[in-house]
Amino acid sequence: MSTPSQQILSMGFGFALSQSLRVVAELSIADLLAGGERSADELAEATRTNADALYRVMRLLASEGVFREVSHRRFVQTELSAALRSDLQSSPRDFIRMINGEAFQAFAQLSYSVQTGKPAFDQVFGAPRFEWLGAHPEQAALFQRGMIALSQGSNEAVADAYDFSASRCVVDVGGGHGQLLSAILARNAHLHGVLFDLPSGIAAARTAAGGPLPRSELVAGNFFESVPPADTLVLKKVIHDWDDERAAAILRNCRKAMASNGRILLAETIIPAGNDPALIKAIDVTMLAVPGGLERTESQYAELLSLAGLRLERVIATKAPISILEARLA
Ligand SMILES: C[S@@+](CC[C@H](N)C(=O)[O-])C[C@H]1O[C@@H](n2cnc3c(N)ncnc32)[C@H](O)[C@@H]1O
């Protein structure tokens, strides 16, 4: 059992693990090991890297179960490292590359966010996260692929948990790659869909990485200006990117776009009270430092909705760690 000091020291080295994951993800090491055991020298030759350095990075990861060293400097794939393969439909590889890229650099200035309450990202990169992505198409495409990986299971869970029989047209606001809309349309043959996002999100949806979008339109726009009209507007993991003022502005535009008997569905992970470990608490601090948003409790969502002239009607649990907050006109 390690002492409290040792545990704290070990936590303080979290960056070594996350950046090592990023390096092997960038080098596609899991793809190279898909064919069987390889030595660090072989892997280094294939990736044009330094064999001793690559070995040391892989030895660290193997200590956490990502790869396994079976004999001196020879590695095999494990269940964890196999999750980094690029041929999986939604590989965490892209998310690891994305979050440990610009987001990691913003995190180096986390104390700025704590002092000011503002996103360090803007300070480090000179522009807000989504504006910056708009000017960096390669990183924007990686961001969208990363979102697919982060959404594993949750799109299906949201589509399964909500009864869309009273809906005719669903707009997925900030729907990105379109995976949620694809899952909703696959389950509801009567629905027409609209995928609405910035041009970078629409470009991702056009690659069909998020799945087929039959009976749909793809609309590029800015939700701070307006949102396409519908009886049902879905926003999954959109509101958490924004502080209350901006989130309320988006929701007001959604309210204007919504039919009077319509509904707005927020699909978000409600932050739990208490000290239990939860990934959403790390995501919350990431929201602080990177886009400038926050994860919220149920009552924070209810208050936010009321700022936009909406009322929280009910909260629907899903089989994934994400809930549906159904809102109506107040
Ligand atoms: C965290 S992602 C969530 C994507 C998707 N709903 C999901 O659950 O995977 C936030 C989305 O909001 C989009 N977005 C950001 N700012 C926007 C704006 N001003 N207007 C429209 N979409 C925007 C981003 O492009 C991105 O696709």
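Computed from heavy atoms alone, side chains included, the values below leave out hydrogens, waters and symmetry copies. Everything numeric here is computed off the predicted structure, so don't read it as measured data. Order of appearance sets the numbers: ligands from 1, and atoms from 1 within every ligand.
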Asks: Within the structure, is a non-hydrogen atom of Q179 found at a distance of less than 4.0 Å from ligand 1?
Replies: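 No, Q179 has no heavy atoms under 4.0 Å from ligand 1.
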Asks: Using a strict cut-off of 4.0 Å, indicate which atoms of ligand 1 neighbour a heavy atom of G176.
Replies: 27 (O)
Asks: Angle between ring planes, F75 versus Y55, binned at 30° and 60°: parallel, tilted or perpendicular?
Replies: tilted
Asks: With side-chain hydrogen bond (donor to acceptor under 3.5 Å, both in side chains) as the criterion, how do S86 and D31 come out once you've worked through the C-alpha distance, each side chain's angles and the decisive distance to 0.1 Å?
Replies: CA-CA 7 Å; S86 60; D31 292 346; 2.5 Å; yes
Asks: Before signing off on this row, confirm whether S200 and ligand 1 have an N or O atom pair separated by under 3.5 Å.
Replies: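 So ligand 1 has no N or O lying under 3.5 Å from an N or O of S200.
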Asks: Quick one: do R93 and S28 satisfy side-chain hydrogen bond (donor to acceptor under 3.5 Å, both in side chains)? Show the steps, please.
Replies: CA-CA 9 Å; R93 173 175 179 259; S28 304; 3.0 Å; yes
Asks: Check each atom of ligand 1 against the heavy atoms of G221 and keep those under 4.0 Å away; list them by number with element.
Replies: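 Those of ligand 1 that fall under 4.0 Å from G221 are 20 (N), 21 (C).
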Asks: Would you say that more than 12 heavy atoms from the other residues, nucleotides or ligands in this model lie under 6.0 Å from the CZ of R328, or not?
Replies: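 Yes, the 6.0 Å shell around CZ holds more than 12 heavy atoms from other groups.
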Asks: Out of L180, D197, V173, whose heavy atom sits nearest atom 25 (O) of ligand 1?
Replies: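 Of the listed residues, D197 has the closest heavy atom.
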Asks: Quick check: does W242 get an N/O under 3.5 Å from an N/O on ligand 1?
Replies: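 No, there is no polar N/O contact under 3.5 Å.
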Asks: Taking 4.0 angstrom as the limit and counting only heavy atoms of F224, give me the atoms of ligand 1 inside it, by number and element.
Replies: 19 (N)
Asks: Counting from 1, what ligand 1 atoms have a heavy atom of Q144 closer than 4.0 Å?
Replies: 25 (O), 26 (C), 27 (O)
Asks: The test is ring-ring contact (aromatic ring centres under 6.0 Å, His included); show your working for F143 and F130 and say whether it passes.
Replies: CA-CA 10 Å; F143 172 84; F130 289 107; 5.7 Å; yes
Asks: Are any of the side-chain nitrogens in E26 or R22 under 4.0 Å away from the carboxylate oxygens of its partner?
Replies: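 Yes, E26 and R22 are salt-bridged.
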Asks: What do you reckon, does A140 put a non-hydrogen atom under 4.0 Å from ligand 1?
Replies: no
Asks: So, R56 versus S20: side-chain donor-acceptor pair below 3.5 Å or not?
Replies: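 On atom types as modelled, these side chains do not qualify, holding no pair under 3.5 Å.
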Asks: Answer with side chain, backbone, both or neither: which part of F223 has a heavy atom less than 4.0 angstrom from an atom of ligand 1?
Replies: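 Within the 4.0 Å criterion, F223 contacts ligand 1 through backbone and side-chain atoms alike.
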Asks: Do the side chains of E313 and R311 get close enough for a salt bridge, i.e. N-O under 4.0 angstrom?
Replies: yes
Asks: Which heavy atom of the protein is the closest neighbour of atom 10 (C) of ligand 1, given with residue, atom name and distance?
Replies: D241 OD2, 3.3 Å
Asks: Check each atom of ligand 1 against the heavy atoms of S151 and keep those under 4.0 Å away; list them by number with element.
Replies: 9 (O)
Asks: What are the atoms of ligand 1, with element, lying closer than 4.0 Å to any heavy atom of M147?
Replies: 1 (C), 9 (O)
Asks: Check contact between G174 and ligand 1, using heavy atoms of the residue and a distance below 4.0 angstrom.
Replies: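 G174: in contact with ligand 1 (<4.0 Å).
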Asks: Which word best sums up how the rings of W132 and H136 line up, parallel for under 30°, tilted for 30 to 60°, or perpendicular for over 60°?
Replies: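 Taking H136 first and then W132, their aromatic rings lie parallel (interplane angle under 30°).
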Asks: Give the table of side-chain donor-acceptor pairs shorter than 3.5 Å for residues 192-212, with sequence neighbours excluded, one pair per line with atom names and distance.
Replies:
| residue | atom | partner | partner atom | Å |
| --- | --- | --- | --- | --- |
| H192 | ND1 | R215 | O | 3.1 |
| H192 | NE2 | E217 | OE2 | 3.2 |
| D197 | OD2 | G175 | N | 3.4 |
| D197 | OD2 | G176 | N | 2.7 |
| T207 | OG1 | A204 | O | 2.6 |
| T207 | OG1 | A209 | N | 3.2 |

Asks: Donor-acceptor pair, S39 side chain versus E42 backbone, under 3.5 Å?
Replies: yes
Asks: Considering heavy atoms of the protein only, find what lies nearest to atom 8 (O) of ligand 1 and give residue, atom and distance to 0.1 Å.
Replies: K236 NZ, 2.7 Å
Asks: Side chains of S151 and K237: any donor to acceptor distance under 3.5 Å?
Replies: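 There is no such pair between these side chains.
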Asks: How far is atom 1 (C) of ligand 1 from its nearest protein heavy atom, and which residue and atom name does that atom have?
Replies: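 Its nearest protein heavy-atom neighbour is K237 O, 3.1 Å.
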Asks: Is H177 close enough to touch ligand 1? Criterion: a residue heavy atom under 4.0 Å from a ligand atom.
Replies: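 Within the 4.0 Å threshold, so yes.
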Asks: Contact between ligand 1 and N222 is defined here as a heavy atom of the residue under 4.0 Å from a ligand atom; is it met?
Replies: yes
Asks: Record the part of D172 in heavy-atom contact with ligand 1 below 4.0 Å; permitted values are side chain, backbone, both and neither.
Replies: neither
Asks: So, is H240 polar-close to ligand 1, with some N/O to N/O distance under 3.5 Å?
Replies: no
